[in-house]
Amino acid sequence: MTDLIRIMLVEDDADICDSYKLALNNNSKMRLCYVTDSERDALCHLESHEMDVIILDLELREGDGISFLEELKLARQSKPFVVVVTNTISKIILNLVRQNGADYIYQKTNLSYSPYKVLSIIEKAFPYKQMTDTQNEMLLVEKYTQEKYDRLTRKYIMDYLQNMGFRTSMIGTKCLQEILFLIVSGEKRLEDTSLGELYAAAGKVYNNSDINVEKAIRVAIEGTWRMTKLSVLERYYPFGYNKEKGKPTNRDFIYNLSYKLRSE
């Protein structure tokens with residue numbers, strides 16, 4: 001980010017271009033970095049040069065302003081602050097311009113129109129655009145950081161279950177992973193959530209009823225306790241359970257294991 005506001009002027013009227021150059025001649029806050037009357041040329045320039053603001057006319061020697069805005073939306077680089085300056089009074093066209101990403105529209109039919117007025121608006125509005133971009137970037141980073149954390153948490157839980165002897169292909173194991181994730185990640189609190197609600201939440205993910213989820217988890221636990229060595233089970237599940245039944249209940253397993261995973 002630079003202290004100077006870098007401006008691109010996309011305009012096919014030579015007199016208007018000269019008037020902007022004159023208005024910016026002694027402006028210490030802005031610099032006119034590029035002038036073109038071509039949609040294609042403007043887009044090509046933006047591929048290798050950063051601009052803070054684009055002053056855009058809708059009618060160009062080559063191409064047009066609306067097509068330019070459409071292409072700009074598809075570009076990978078961050079979008080500059082776009083001020084459309086136009087003679088049109090058509091509400092349909094003006095709405096189309098807004099929908100395609102124009103930040104501000106200044107009609108030349110406005111009696112107060114002048115390059116100085118447009119530049120004055122840019123000077124006042126651009127800092128808010130910078131602030132919004134920063135907030136959006138922070139939200140984007142936060143979003144991807146959270147997504148990465150969730151992905152790693154789910155993987156850790158599934159790896160833990162697999163090390164215990166759970167078969168990852170079983171729907172019961174997948175439902176266990178979902179329920180344990182909800183608790184470990186803090187989306188659900190053990191103190192405030194019933195087992196039925198947890199079954200329902202997992203069932204929503206895997207398109208199953210809470211009754212089927214309960215049964216699938218029970219089958220997965222039974223199979224693991226039947227097939228896995230006791231020493232391995234005790235290493236990953238160091239909690240007591242009814243030895244006559246030969247396995248922990250769904251409730252005990254979920255509550256004890258989620259407590260252990262959260263504490264690690």
Side-chain angles (χ1 to χ4, degrees), residues 1-137 139-141:
M1 195 174 292
T2 178
D3 293 334
L4 274 174
I5 300 175
R6 297 163 296 183
I7 297 176
M8 172 189 279
L9 177 60
V10 187
E11 168 68 63
D12 68 345
D13 188 311
D15 290 337
I16 292 177
C17 291
D18 288 341
S19 66
Y20 275 102
K21 290 175 184 177
L22 180 63
L24 285 162
N25 192 35
N26 295 313
N27 192 311
S28 61
K29 297 181 180 179
M30 304 179 193
R31 176 183 295 164
L32 184 58
C33 298
Y34 197 70
V35 179
T36 181
D37 59 0
S38 163
E39 171 194 339
R40 187 182 299 109
D41 185 40
L43 290 169
C44 287
H45 189 77
L46 286 172
E47 288 179 1
S48 54
H49 298 81
E50 290 187 10
M51 292 291 159
D52 301 309
V53 175
I54 297 173
I55 300 174
L56 175 67
D57 187 21
L58 293 186
E59 296 181 357
L60 302 171
R61 176 188 59 80
E62 181 276 316
D64 63 87
I66 293 176
S67 297
F68 173 84
L69 288 171
E70 291 174 343
E71 291 295 327
L72 190 62
K73 282 201 305 183
L74 300 175
R76 294 182 181 179
Q77 68 267 18
S78 59
K79 175 182 163 296
F81 185 79
V82 180
V83 178
V84 170
V85 181
T86 179
N87 282 309
T88 186
I89 59 173
S90 167
K91 290 184 178 180
I92 294 175
I93 297 299
L94 295 177
N95 284 335
L96 184 60
V97 168
R98 292 187 184 95
Q99 289 169 15
N100 278 287
D103 297 289
Y104 193 89
I105 300 175
Y106 203 108
Q107 291 175 273
K108 293 177 182 177
T109 53
N110 189 319
L111 294 177
S112 64
Y113 165 73
S114 74
Y116 291 95
K117 185 67 176 178
V118 174
L119 295 173
S120 173
I121 291 168
I122 290 172
E123 184 178 341
K124 293 173 184 175
F126 185 69
Y128 292 99
K129 195 264 184 186
Q130 288 179 301
M131 183 171 62
T132 302
D133 285 349
T134 301
Q135 291 172 344
N136 288 340
E137 286 174 8
L139 288 172
L140 193 61
V141 169

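Bear in mind that the values here come from a model prediction, so they are computed numbers and not experimental data. Along the sequence shown, residues carry numbers from 1.
What you find for Arg6 and Asp52 is that their closest heavy atoms are N-OD2, 2.8 Å. In plain terms, the two heavy atoms of Ser28 and Leu4 that are nearest each other are O-CD2, 3.2 Å. Across every non-hydrogen atom of Val10 and Ala42, the tightest pair is CG2-CB, 4.0 Å.
Taking Lys29 as the reference, Asn27, Glu123 meet the side chain to side chain contact (heavy atoms under 4.5 Å, CB included) condition, with sequence neighbours excluded. Legend: residues meeting side chain to side chain donor-acceptor pair (under 3.5 Å) with Thr86, ordered by chain and number and at least two apart, are absent. Under the side chain to side chain contact (heavy atoms under 4.5 Å, CB included) criterion, Ser120 pairs with Lys124, sequence neighbours left out.
Once rounded to the nearest 0.5 Å, the distance linking CG of Leu74 with CG of Leu43 reads 10.0 Å. In this structure, CG in Leu24 is found 9.0 Å from CG in Leu9, a value given to the nearest 0.5 Å. Considering CG of Asp41 and OG1 of Thr36, their distance stands at 3.5 Å, rounded to 0.5 Å.
Screening residues 5-29 for ring pair (Phe, Tyr, Trp, His ring centres under 6.0 Å), with sequence neighbours left out, gives no hits. Pairs engaging residues 9-24 under the salt bridge (charged side-chain N to carboxylate O under 4.0 Å, His left out) rule: Glu11-Lys108 [sequence neighbours left out]. Legend: ring pair (Phe, Tyr, Trp, His ring centres under 6.0 Å) pairs involving residues 27-47, not counting sequence neighbours, sorted by first then second residue: Tyr34-His45, His45-His49. Identified under the salt bridge (charged side-chain N to carboxylate O under 4.0 Å, His left out) test for residues 93-102, with sequence neighbours left out: none.
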Just distance, no hydrogens or angles: give the donor-acceptor pairs under 3.5 Å from side chains in residues 54-67, sequence neighbours left out.
{"unit_1": "Arg61", "atom_1": "NE", "unit_2": "Asp37", "atom_2": "OD1", "d": "3.0"}
{"unit_1": "Arg61", "atom_1": "NE", "unit_2": "Asp37", "atom_2": "OD2", "d": "2.9"}
{"unit_1": "Arg61", "atom_1": "NH2", "unit_2": "Asp37", "atom_2": "OD1", "d": "3.2"}
{"unit_1": "Glu62", "atom_1": "OE1", "unit_2": "Ser38", "atom_2": "OG", "d": "2.5"}
{"unit_1": "Glu62", "atom_1": "OE1", "unit_2": "Glu39", "atom_2": "N", "d": "3.2"}
{"unit_1": "Glu62", "atom_1": "OE1", "unit_2": "Arg40", "atom_2": "N", "d": "2.9"}
{"unit_1": "Asp64", "atom_1": "OD1", "unit_2": "Ile66", "atom_2": "N", "d": "3.0"}
{"unit_1": "Asp64", "atom_1": "OD1", "unit_2": "Ser67", "atom_2": "N", "d": "2.8"}
{"unit_1": "Asp64", "atom_1": "OD1", "unit_2": "Ser67", "atom_2": "OG", "d": "3.3"}
{"unit_1": "Asp64", "atom_1": "OD2", "unit_2": "Ser67", "atom_2": "OG", "d": "2.9"}

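No side-chain heavy atom of Cys33 sits under 4.5 Å from any side-chain heavy atom of Ile7. Residues Met30 and Ile122 have side chains in contact (heavy-atom distance under 4.5 Å, counting atoms from C-beta outward). Counting only heavy atoms from C-beta outward, the side chains of Val84 and Tyr106 never approach each other to under 4.5 Å.
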Set out, in order, the CA-CA distance, both residues' side-chain angles and the distance that settles side chain to side chain contact (heavy atoms under 4.5 Å, CB included) for Ser19 and Leu22, then state yes or no.
CA-CA 5 Å; Ser19 66; Leu22 180 63; 5.6 Å; no
Verdict with supporting geometry, Tyr104 and Val85, side chain to side chain contact (heavy atoms under 4.5 Å, CB included):
CA-CA 9 Å; Tyr104 193 89; Val85 181; over 6 Å; no
Would Asp103 and Val83 count as a side chain to side chain contact (heavy atoms under 4.5 Å, CB included) if you check the C-alpha gap in whole Å, the side-chain angles of each, and the deciding distance to 0.1 Å?
CA-CA 6 Å; Asp103 297 289; Val83 178; over 6 Å; no
